[in-house]
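The structure appears below as structure tokens.
The basis for the numbers below is simple: all heavy atoms, side chains too, and nothing from hydrogens, waters or symmetry mates. Computed from a prediction, not measured in an experiment: that's the story for all the values here.
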Amino acid sequence: MTEHPTIHRPDQSEVWCPPLPPLVAGGLARPRIGIAGISIESSTFSPHISGAEAFTVRRGAELLAYYPFLDEGQELRNAAEWVPLMHARSLPGGAVDPALYGAFRDEIVAQIRNAGPLDALFFDIHGAMSVVGMQDAEGDLARHAREALGDAALVSASMDLHGNVSFELLENVDLITCYRMAPHEDAMNTKERAVFNLLARLRAATGADVQLRRPLKAWVPVPVLLPGEKTSTRIEPAKGLYEEIPAVAGLDGVLDASIWIGYAWADEPRCQAYVVVTGDDGNVVRRESERLARLFWDARRDFSFVAETATLDEGIEAAIAPGAPRPYFLSDTGDNPTAGGAGDVTWTLARLLDSKALAAADVRLVHASIFDAGAVAQAVAAGVGGAVDLEAGARVDNNAHGPVRLRGTVYSITEGDPTAGTQAVIQVGNVFAILTERRKPFHHISDFSQLGLDPAEFEVIVVKIGYLEPELFAAAAGWKLALTPGGVDQDLLRLGHSHLAGGVFPFTDDGATPALAAVVHRR
């Protein structure tokens, strides 16, 4: 049985993986390995276009330093000559501007061609990048990278479990893995595993046939497409499904095993679930990939939301009820910027401000957040304590509601946030509305406390999010998922998908049973 780096560790700053296997005659003692990729999750139902302002681009030493398992002195760092090329990473958002994608892709290709001979590439991607006018951006990126690398190099891809694994992507990489936790507390651990697996193959004996370094890949598309809030690994059936993976990965003849949930808020034929098991025993990888796929399919009706759902009005009623636990969180799920929402949908905030029941309740409520640089500038001009009458939001996504009018007092102004830029809090009665200069998700207690807002001192907190990230999950005494409109609407059937593959549940539910037969492939 092979030991694999499968520990789920919330503290991603730590580094863990087992010792690399010994170098065998014919293996590579110090291979040259490039690092490149583009990582974004893109909703095609959001009018937001992800441009250059959305991306953090890393090259050279800055890129290498992004991965703590490649720090000086780490075994993985010393096992190869690392050639950090270029990586672009963005918060989730709308589809990527095609000219920008083309520029990123062409730079990666040029960097590969100019790097000298590479034995391998660590391909760090998300898997749900949509580009305007394209239907399989990661497949396109992988194909171009492969053409630049040549056939001899190995490619190891690390992905988000909400990515999609098209066959074009699969055939242009040699090793592939994804997160095993949602929320993604194992993100860096997964990247570490992708590198560990790559080095393990490069160190192995191959004799005269370098192709033997490449494992078999058993690929099974599973025609199910569900939102992340129904597939959290905190609860069943996703919890039990993902708990199967380490045992499969530890079987003789298996290198790794992964299950992708797929990305629900893009309308592309590749959007569905997938299972991939890699290894050297064709019978085992086929059997286990098909078994995992069948477990997923059989559980398709059992997936449920990670928290109790409600309409916004029902959520407000529960949150302001006498004796409700404090603080009480409401997820404004339809405009979650970390799932691809625009982040400036005003529908929820407008209804909070119009709610007579909320206005009459003995509670204070925080709404996080709306981004609108112009509105923030008006608040800055008024100053802390100044009165404002301004409109904010819906500059990008006004499908559900137009700009919201805020007539109140500037509670605080905070400058210099690396993501949000300048932030302003506007108090309107008992509602504290956070405005940001740029899109920002609110995942941490410090996101609030730096604005002078202590979540523990507020009765109700409304945040544009789906499932609560770990710090907020721990802080929440009560919580409901409000089913609100936006580019990442949890009601998938009302979004209007029209380009999915046939037979994908729940869009098709005709009682037919898919074959779930693995395609076993080696490049």
Can a donor-acceptor pair be found, under 3.5 Å and without considering hydrogens, that links the side chain of [X] to the backbone of [Y]?
X    : Y    : result
H497 : L493 : no
T346 : A394 : no
R59  : M86  : no
S43  : F45  : yes
D344 : V396 : yes
Q427 : G429 : yes

How about F458 and F448: are their ring centres within less than 6.0 Å of each other?
no
Measure from the ring center of F303 to the ring center of F296 and say whether it is less than 6.0 Å.
yes
Go through the side-chain N and O atoms of E268 and N164 and say whether any donor and acceptor fall under 3.5 Å apart.
no
Name the one of E317, E308, E229, E314 that satisfies salt bridge (charged side-chain N to carboxylate O under 4.0 Å, His left out) with K480?
E308
Indicate the ring-plane relationship of Y263 and W265, choosing parallel, tilted or perpendicular according to the 30° and 60° boundaries.
perpendicular
Walk me through it: do F55 and F104 pass the test ring pair (Phe, Tyr, Trp, His ring centres under 6.0 Å)?
CA-CA 11 Å; F55 285 87; F104 283 162; 5.2 Å; yes
CZ on F123 to OG on S156, rounded to 0.5 Å:
11.0 Å
Just jot down the salt bridge (Lys or Arg N to Asp or Glu O under 4.0 Å) partners of R58, sequence neighbours excluded, or say none.
none
